[in-house]
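First the structure, in the form of structure tokens, and then the observations on it.
Keep in mind that what you see is a predicted model, and the values were worked out from it rather than measured.
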Amino acid sequence: MIDKDFTPLFHVLSSEQQILQRTDQKAFTILSILGVFMVFFMIHFTKMKFNWFIFIMTIIYFLSALLTIIQLVLVIVPRIRKDKFSTKKQPENPTFFAGIAKFSTPESYAAHLQKISKDPDKVYQLFATQVFSLGKINQYKNIAMKRAILFFVAAITAELIIIMSLAWTIAMGWLQTVSDVGTSIL
């Protein structure tokens with residue numbers, strides 16, 4: 001049996017996988033919330049009386065929403081480049097999904113696993129490589145998630161400013177009407 005202690009490595013691996021799942025859940029949640037806000041905005045978009053301020057805020061809203069969607073897609077489907085760990089060719093990692101997919105049959109996969117499992121250093125290196133790769137993926141996803149949150153906040157802020165300016169315009173018209181009626185009564 002393998003004599004290296006894999007406990008810390010498996011703990012880090014589990015932690016990185018949980019972070020990966022939570023980040024994906026956050027991305028889907030923000031995407032859903034943005035979709036709801038966009039539906040409400042589009043329903044009322046045609047009813048708005050435009051002026052330059054609302055036009056500029058609408059442009060900011062749509063750009064921020066688009067950038068939010070782009071960043072969330074990068075969280076959900078990250079674009080990760082393959083890092084070179086050393087100058088010699090690395091064998092496929094049978095513990096990671098990309099390495100598993102390279103095998104054409106379950107038998108070739110099993111044979112490769114059996115061959116590697118005889119060398120504790122190779123097994124440890126494979127799991128260490130997997131943990132490192134997940135860490136890199138999480139780093140990329142977290143950067144994209146932070147950007148998505150900033151663009152999301154900008155989009156929602158622009159939408160709320162548009163709503164407040166429209167409410168202010170309606171309230172000012174109503175107050176002017178009430179004021180005119182009150183003046184005519186006196």
Side-chain angles (χ1 to χ4, degrees), residues 1-39 41 60-159:
M1 191 68 195
I2 298 172
D3 59 351
K4 289 199 176 254
D5 186 13
F6 281 83
T7 305
L9 199 56
F10 286 137
H11 179 70
V12 173
L13 181 62
S14 174
S15 175
E16 288 297 318
Q17 288 172 332
Q18 288 175 359
I19 291 169
L20 199 76
Q21 290 172 345
R22 284 195 309 261
T23 304
D24 285 346
Q25 288 172 343
K26 288 177 191 176
F28 283 118
T29 301
I30 290 176
L31 196 55
S32 298
I33 292 169
L34 180 64
V36 169
F37 274 93
M38 289 184 85
V39 166
F41 186 78
I60 291 170
Y61 171 73
F62 283 125
L63 285 174
S64 298
L66 178 65
L67 291 171
T68 301
I69 292 168
I70 290 169
Q71 292 300 312
L72 290 173
V73 167
L74 291 175
V75 170
I76 296 166
V77 185
R79 294 178 46 148
I80 304 297
R81 65 179 169 76
K82 186 170 182 152
D83 288 327
K84 303 256 189 232
F85 300 113
S86 66
T87 56
K88 63 181 180 178
K89 184 175 175 353
Q90 294 287 325
E92 296 303 328
N93 188 338
T95 62
F96 203 57
F97 62 90
I100 295 168
K102 302 271 178 160
F103 292 94
S104 58
T105 65
E107 292 79 18
S108 62
Y109 176 68
H112 186 70
L113 267 179
Q114 195 171 35
K115 183 176 100 176
I116 288 179
S117 66
K118 293 177 182 173
D119 184 357
D121 290 330
K122 282 185 181 179
V123 173
Y124 197 85
Q125 183 62 38
L126 287 175
F127 281 106
T129 302
Q130 183 179 4
V131 170
F132 181 79
S133 296
L134 281 176
K136 286 293 194 181
I137 291 170
N138 280 335
Q139 179 186 24
Y140 180 88
K141 289 174 85 111
N142 282 324
I143 290 169
M145 189 67 181
K146 286 178 185 178
R147 288 183 194 139
I149 290 170
L150 290 175
F151 290 129
F152 176 75
V153 168
I156 298 305
T157 301
E159 185 174 356

So CG of Asn138 and OG of Ser133: to nearest 0.5 Å the spacing works out to 11.0 Å
Spacing of Ile156 atom CD1 and Phe41 atom CZ [to the nearest 0.5 Å]: 10.5 Å
Intermediate values then yes/no, side-chain contact (heavy atoms from CB on, under 4.5 Å), Glu16 and Leu20: CA-CA 6 Å; Glu16 288 297 318; Leu20 199 76; over 6 Å; no
Does any non-hydrogen side-chain atom of Ile69 lie less than 4.5 Å from one of Phe151? no
Nearest 0.5 Å, what's the CG-CG distance between Asp121 and Leu126? 11.0 Å
Look at the side chain of Ser64 and the backbone N and O of Ile60, then say whether any donor-acceptor pair between them is shorter than 3.5 Å. yes
As an exercise, state the distance from OG of Ser14 to CD1 of Ile19, rounded to the nearest 0.5 Å. 10.0 Å
Please test Tyr140 against Val75 for side-chain contact (heavy atoms from CB on, under 4.5 Å), starting from the C-alpha separation and ending with a verdict. CA-CA 8 Å; Tyr140 180 88; Val75 170; over 6 Å; no
Which pair of non-hydrogen atoms, one from Lys141 and one from Ile76, has the smallest distance, and what is that distance? NZ-O, 4.0 Å
Of all the heavy-atom pairs spanning Ala65 and Leu34, show the shortest one and how long it is. O-CD2, 3.8 Å
From CA spacing to verdict: ring pair (Phe, Tyr, Trp, His ring centres under 6.0 Å), Tyr61, Phe37: CA-CA 11 Å; Tyr61 171 73; Phe37 274 93; 8.7 Å; no
A side-chain contact here means heavy atoms from C-beta on lying under 4.5 Å apart; do Leu72 and Met145 qualify? yes
Could you state the interatomic distance from CD (Gln71) to CD1 (Ile30), rounded to the nearest 0.5 Å? 11.5 Å
Donor + acceptor pair across side chains of Thr105, Ser108 (<3.5 Å): yes
Report the distance from atom OG1 of Thr157 to atom CZ of Phe152, rounding to the nearest 0.5 Å. 9.5 Å
